[in-house]
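Report on the following structure.
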Amino acid sequence: MSWVVRPAEREDVPGILALAEHASPRLTNLPPDQRRLDQRVQASRRAFDIEQGPDAQACHMLVMADAHTGTLLGTASLRVKAGEGEAYYTYRQEQLIHASHQLDVRVEVPILALTHELSSSSLLCALALSPRLDDTQRLKAQRLLRRARLMMISQWPERFADRLTMALPGVIDDAGHSPFWNSVGKHFFGRDFQDINFQAGLESKSFIAEVMPPYPLYLSLLSDAARESLAHAHRTHHKALSDWYQEGFEDSGHVDILDGGPVLSARPSAVSVIKNGTWLPVTIAHQTTPTHRLLLAGQDLARYRCSMLDVAMSPAGQVVLTPEQASLLGVTAGVAVRAVLEDGL
Amino acid sequence: MSWVVRPAEREDVPGILALAEHASPRLTNLPPDQRRLDQRVQASRRAFDIEQGPDAQACHMLVMADAHTGTLLGTASLRVKAGEGEAYYTYRQEQLIHASHQLDVRVEVPILALTHELSSSSLLCALALSPRLDDTQRLKAQRLLRRARLMMISQWPERFADRLTMALPGVIDDAGHSPFWNSVGKHFFGRDFQDINFQAGLESKSFIAEVMPPYPLYLSLLSDAARESLAHAHRTHHKALSDWYQEGFEDSGHVDILDGGPVLSARPSAVSVIKNGTWLPVTIAHQTTPTHRLLLAGQDLARYRCSMLDVAMSPAGQVVLTPEQASLLGVTAGVAVRAVLEDGL
Amino acid sequence: MILRPIRPDDLDQLHEMAIETGAGFTSLPDNRDFLAERIAQSCAAFEQASSEGAALYFFVLEDVEQQALAGCCAIEARVGLEAPFYSYRVGRIGHSSPRLGLHRVLQTLSLSSDHIGDAEVCSLYLRPDWRRDRLGVLLSRSRWLFMAQHRALFPERVFAEMRGVLDEHGSSPFWRHLGRHFLPLDFHEADRLTGLGEKSFIGELMPKHPICVSLLPEELQEGIGKVHHNTRPALAMLNREGLRWEGYIDLFDAGPTVESYLDDVAGVCQSRLVTVTLGETVAVSERPSTLVASTGCEAFRVIWASHAPADETLALTEEELAALGVSAGDTVRILAS
Amino acid sequence: MILRPIRPDDLDQLHEMAIETGAGFTSLPDNRDFLAERIAQSCAAFEQASSEGAALYFFVLEDVEQQALAGCCAIEARVGLEAPFYSYRVGRIGHSSPRLGLHRVLQTLSLSSDHIGDAEVCSLYLRPDWRRDRLGVLLSRSRWLFMAQHRALFPERVFAEMRGVLDEHGSSPFWRHLGRHFLPLDFHEADRLTGLGEKSFIGELMPKHPICVSLLPEELQEGIGKVHHNTRPALAMLNREGLRWEGYIDLFDAGPTVESYLDDVAGVCQSRLVTVTLGETVAVSERPSTLVASTGCEAFRVIWASHAPADETLALTEEELAALGVSAGDTVRILAS
C-alpha cells in the first residue's frame, strides 16, 4: 500500500471536511466548515500555481491519499508566512529580573509576553488524519505529511522563510476543557475554549489576539493546572512532539495563546529532510528488487507529489522506479527527483 | 612595526587608565578609575588562567602593544556573558500591531521594549586606542583588536556563547549630550548622560536598567533628535560599524539603553575569522621572503598572543616564521598556530 | 421659560441648534437621524425610569411665549454600558534607588475606563439670544434637581467632561502629539466619531501601556487637565457644585473630567422639598434666585420662581403653577441659586 | 484624660505600648531606637510647624491621675517624600470587540504612588484598660481638630490605611498568592519592613505591569478592599467622617485605603471656634459629646468637655481650663461628637 501526498483539489473538500470533523482535539486552523474549506482549497490551488513564488498570504494545503484507491487519509498545510498577511500571535516565555539592592536579592519573575515575532516565519499546520488509520498507520502518516512538507521547503526554499514554526495542540481534558484557557483567555472572553477555538478558525486568530490585554501575564498568577500544562502537548501528540524534535525542530520558547500548547521552530538548515536531501536521476525498470526506502518528490510544484517508496539504486546512482512508482510521482526517466533516505527496509 | 595583542597584566593598569581617559566618547565599560581597572585586570588574569573554562562572570581583557617597544597602544575586552553574572539590558525595537475593525485599519506602532535577552551572549566591548595613533593606524589597530578577539572565540568556542554581541557608542553631540538620553533616561534619572554613564561604569549598567520604568516606550513620543539618532553609531565609529558588518555581524534590532547606539550580533559560524581560520604548523627560518599576510595566534590561552604578520609559506604548507615572529607569538617549530589569511601584502 | 424633557416634535429645532453649535460641539452633531435617535432614547428613558442600563435624559429649555427652544442639556445615567468609554488617567509611581540617590515620582498616563457606570452631565447649549436672565444657571442646575428628585435612577458618582486647550484652528496640540501616531484620523474626525458614541476604535488603537508624562513636550504636559478658555465659566460653575478634577483627562484634547459623588453635589444636597402655596403675581426679576422643579419624571419641569421660599413652603403665581403643572398643596423641589 | 503631643520622656511608656500591640501593629514596632526616632521627628514637626516636607505629628492620650499613657495616634503630614510609598490601585479598562460580540470590563491592579504628598492618619492605639468613656473617639477625632486648627500645615487630601483580611495565623491570603512570588520574604517580615518605612524593595520587586484581577482566585478577588473584622469599627468611624474607599489597597493584605479631601472631613468642617467661659464643675458624663481643643501647636491639647457649648461660647470648669492650658476669654476649637 502506497500513500502519496499532493496538493488539495476542489473535489477533496468533502473528504477534508470529514477529516476536520474527526480531528481531536479540534484544530483551530482547520475549521469543519464547508465554505471556509472551499475557500482555502481554492486559495491553496492558486498558491501552487503561481510560478514566481506566492504572496505572503499563501497557504499550501496538502492531502495524503491512498495511491491505489484515491481515498483521502490525511491533510496538512504549509503557510508561507505564519501571519498569513495578518499577525501570528504567541505568548513568549520570558523572565523579568526584579532586583532589590535593599534586600540584596535578585528574583527571576517568569511572564508570558504577547508577541507576533513569529509572524514572518513559515508555519506547518492543520494536520488531520482519517480515523480509519490504526495507531501504527497514524505514526507513518504523520511522518509522511510532516516530511512531505519539509521536502517542499527543501525544493523551493526561496518561497519560505528562514524560520519554520509549528504548534502542537496543548493539554485539553476529556471534557474538552483547556486548563490554560480556563486560567487566561476565559477571563478575557467569557467563553469556553471550544467556542473561541471554533471562532478563531472562522475569523482569524490574530483578530482574537488583538483584543487580548497586552500586558505581560505573570505566570505565578495562573492556576496550577495552567502552569503545569504550559508548553505541554496534548497527550495524543506526545509522540509527534518527539518526532518533530528528531526532525531538527526545537522549543521556540513560545506557546499558543489559546491553549498554551508548545510552539516549535527550526532553521531550515537544521532540518534533517532539508540537510540530507539530494537530487537523483530517475530510470524506470519493470522488475526491480528494492534495496532502499526513500522519500521522493518530483520538481513540478503545481503537480507536487511526495511519497515514501521502496526502490532500487542503479550502479550509476540513479533511482530505479517501477512505471507505477514513476506515475505516482508524475516523473519520467531522465528527470531528477528529490530524495531523502529513510530508515527501514 | 609589529603589534601584538595579549592578555592585560597588572603592570598594564597605568597604561590602560591613560587609554580610558582618552577614550572619546567615554566608554561605559572602561571607567577611567584606577581601583576598578586594577580589579578588572586581576579578574581578567584569573579568567585567562583557568583551564576548565571560565565562569559566567569572566571578562578577558586584552591589550595591544608595540612588539618592539612594549608601548601600550590599545585595549579591548571579551566577556563570556554580556550580563557578567548580572543582566545585560538593551531596548529591543519592536512593532506592536493596533488593529481596528471599526475603522478597518491596522497600525504598526514602533516601541522600544526593555529586555535582557542578550545577557547570555558573549560581548565584545571596551575598545580604546592610544591618541598617538594616526587615522590609518587607528583603523589597523581596531581591526587587529577586533579580529584578535574573534580569533580567541574560534580557538576556544566552548568558552563562549553561540551568540556574539557588540555595541557601538551612539550619537553624542559636541557638548557630550546624547539626544537619546535627553529624550529618555534624563527624564527618569534627572542626570546628564556623562554622569550616569560614569556611574554605570563604576556600579553596573544592569543596576541602572533595573530602576528604569519597565513599560514599553512608544517611539513616536521621543524627540525627533532621539528618533533620528536611534541605532546610529557615533560619528567616530561609522567606519567601525561597517567593519563589523563585514566581519559577519548584523543589526540585532536592539539598541543601547543609555545612548540608543546600535547593538550588533552574530552567530560565531557566520563570522569570517571563525569560518575561515585554519591550523598551520610552524617552521622557523632566519631568512624568509614574506608571501602572505596572516593573522596568527598560538594555542596557549594563558599566554595568548595574536598578531598580523607577513610570512612565507613552506611547500608543505607550514607557516615560516622568523625567530623574532615565533618569539612574539610564543611558539616553537612544530606546533600549530591558528591562522587567517589577511588581504594585502 | 420652562425646562422640560425633550419630545419627538422638538427634532426640527434641535437640529437647528445642532447646526448652530458647529463641528466643535460633538455631542450635538448636524445629523438628523442621530438626533432623532437621541430623542427616542430620551423619551424611552423618561418613560421607563429604570435604575439599570444605559439611559439618556435629554432636556430642552422652552421659550413658551416665542414657541422656541432656547437651549438643551442632558444626563447620561450610566456611561460605558453599551459603547466603550475611555479616558486617560494621570497616575504616579515612585521611582527610587537609594544607591543612585534617586527618589523621584513619575507621572504616567494610562488608558482607563474607570467611569463606566457613572452618570455624565453633558450636551449643555444655550442659544445666544437667550444668554440672559440667568437662563444658563437654569439649564445647568436643573439637572441636579432632576437627579435629586429621582435619586434612585442614578449611580453613586457623576462627572462632566470639559473641552481642553485647542489651537486657533480648533485642533488639539495634545492630539497632534499623542493621538495622531496611533489613530489614522484627524482630530475633528476622531472627535466626531466619539461624539457619535462610536468609540471601540479607541480601545483598539490607543496606547495600552502607560505613557510617561515627562516624555511629552513641556507645553503638552502643561496642557494636561486644562480647559479651553471658553470653557472656564462652565468649569467654575461645576467646581462650585463640588465637582473636582481627579486626574482623568480626555484622550484627544487632554481636557479635564470633573466629578463628584452625586450626593455631595451642591445642587443635589442643597435642594429640598417644599409645599406649594398660591402667591400673587410679582414683577419678573432679572436676578431670580430660586429654582423650582415639579417632581414627576416625564412631567418634570423647572422654572425660576418669582417668590423667595419660606421654611416649608413656596408661593407660586398662577402662571408658575401652570408652567410646572402643579397646584397649591403639591410638593415641589427647590434650590437656592 | 488629655490628648497632647508626644514628649521625649514618653519613650518608656510608648515602648510598653509597642510591646503590648504585638507584631501585627507594624507602625509601632518593638524597637526602642525606632520609637525614639519617631518621637524626635514628632517633636521637630510640632516645633517647626512647616507646611513643606515630611512631618510626623504624634499624639498621646495621658491619664493624668494615673500618670500613665492610655493610647496614641499620629498624623503623617505628607507621605512618600523621604521613603517611597506604594499601593495597588484597582482600575478598569473596557475591552470591546463588536465582531466578537465582546463588551467587557477588565479590572486591573496597578502599582501606584498616587498618595505621595497626601496626609495619613495612622498609629492609633488605645490600651485595653482605657477602652471606655468614649476615649477611642477622643483619640481618633482629636486629629481632625488639630488639622482643622493648623490647616495650612496639611495638604489637600488625607487617607488612612486599613488592615485587610488575615487568616487565623495573622497572615494574608492575598499576600501568599500575589506577594510571595515576587518578594523573598514572609508576610510578617514584609509587613515589618514597611512598618519601619523601608519600602524601596517594593518598587524594586513588586509587579510593575498591571495585573488582571480576574486571573486571581475568586476568594482573593472578594478580599480586595475588605477589612479585617477587628478593623470594622475603625472603618465605620472613618466612613462617618466622610473617608471613602477610592480603589486603593494595601500591597500585602489588600486592605482598603480610605480617603477624602481634608476640608470635607466631618471632623474638620464641623469643628468650630468658640470663646471660653468659666463654668461650674459638673458630674463627669460617661457619654461626653463635645471635644474641645486648645489652639496651640506644641501646646495643642484635647479633652472631652463636661458642658455643652452655646452658640459662640463654651463653659469650661477650672480643671478643664488647666488641662487645656487656656483661660476664660481664650478661643478654643470644639467638635460635637
Side-chain angles (χ1 to χ4, degrees), chain A residues 91 94-114 179-192 195-227 258, chain D residues 83-84 86 88 91-111 174-186 189-190 192-194 196-221 251:
Chain A
Y91 273 127
E94 286 184 33
Q95 303 275 346
L96 297 180
I97 297 177
H98 287 185
S100 169
H101 297 279
Q102 182 193 339
L103 303 180
D104 195 22
V105 293
R106 187 173 285 265
V107 183
E108 297 211 338
V109 178
I111 57 160
L112 297 178
L114 194 63
F180 186 79
W181 174 260
N182 282 353
S183 188
V184 180
K186 191 170 183 181
H187 298 297
F188 305 140
F189 292 96
R191 312 249 180 96
D192 278 337
D195 286 0
I196 206 85
N197 202 25
F198 183 72
Q199 190 143 21
L202 294 185
E203 299 266 358
S204 97
K205 207 159 153 183
S206 142
F207 168 61
I208 286 168
E210 281 154 5
V211 296
M212 291 177 79
Y215 322 122
L217 285 182
Y218 292 100
L219 215 56
S220 58
L221 302 187
L222 269 51
S223 70
D224 291 345
R227 268 203 312 281
L258 300 186
Chain D
Y86 297 102
Y88 280 129
R92 295 190 296 169
I93 182 78
H95 179 224
S96 306
S97 167
R99 209 158 110 192
L100 286 177
L102 190 76
H103 185 57
R104 295 168 73 87
V105 179
L106 280 179
Q107 277 202 321
T108 57
L109 295 181
S110 311
L111 200 62
F174 184 78
W175 189 87
R176 273 203 305 281
H177 197 84
L178 197 59
R180 89 187 146 84
H181 299 292
F182 298 99
L183 295 185
L185 300 174
D186 73 16
E189 179 63 8
R192 190 184 68 81
L193 283 172
T194 52
L196 296 176
E198 294 173 6
K199 297 189 234 186
S200 76
F201 73 93
I202 294 174
E204 292 169 327
L205 296 178
M206 291 303 280
K208 294 177 192 77
H209 293 286
I211 289 167
C212 295
V213 171
S214 54
L215 297 191
L216 301 176
E218 270 179 37
E219 65 273 23
L220 289 196
Q221 294 183 34
L251 292 176

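All heavy atoms count here, side chains included; hydrogens, waters and symmetry mates do not. A, B, ... follow the sequence lines: proteins, then strands. Residue 1 opens every chain. For clarity, every value in this text was computed on a predicted model and none was experimentally measured.
Only the side chain of D/Thr108 comes within contact range of chain A, with heavy atoms under 4.5 Å apart. Proximity to chain A involves both the backbone and the side chain of D/His209, based on heavy atoms less than 4.5 angstrom apart. For a residue to count as touching a neighbouring chain, one of its non-hydrogen atoms must lie under 4.5 Å from one of that chain's; by this rule D/Leu193 touches chain A with the side chain only. With a 4.5 angstrom heavy-atom cutoff, D/Leu183 does not touch chain A via any of its atoms. Only the side chain of A/Arg191 comes within less than 4.5 Å of a heavy atom in chain D; its backbone stays farther off. The contact between D/Leu205 and chain A is made by backbone and side chain atoms together, counting heavy-atom distances below 4.5 Å.
Atom NE2 in A/His187 sits 9.5 Å away from atom CZ in D/Arg104 (nearest 0.5 Å). With values rounded to the nearest 0.5 angstrom, D/Leu215 atom CG is found 13.5 Å from A/Lys186 atom NZ. To the nearest 0.5 angstrom, A/Leu96 atom CG is 8.0 Å from D/Lys208 atom NZ.
A/Phe189 approaches D/Leu102 most closely through the heavy-atom pair O-CD1, 3.7 Å.
The stretch residues 213-222 of chain A places A/Pro213, A/Tyr215, A/Pro216, A/Leu217, A/Tyr218, A/Ser220, A/Leu221 near chain D, each with some heavy atom under 4.5 Å from a heavy atom of that chain.
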Can D/Leu106 and A/Phe188 be said to form a side chain to side chain contact (heavy atoms under 4.5 Å, CB included), step by step? CA-CA 7 Å; D/Leu106 280 179; A/Phe188 305 140; 3.7 Å; yes

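Looking at heavy atoms from C-beta onward, A/Val107 lies in side-chain contact with D/Pro184 at the 4.5 angstrom threshold.
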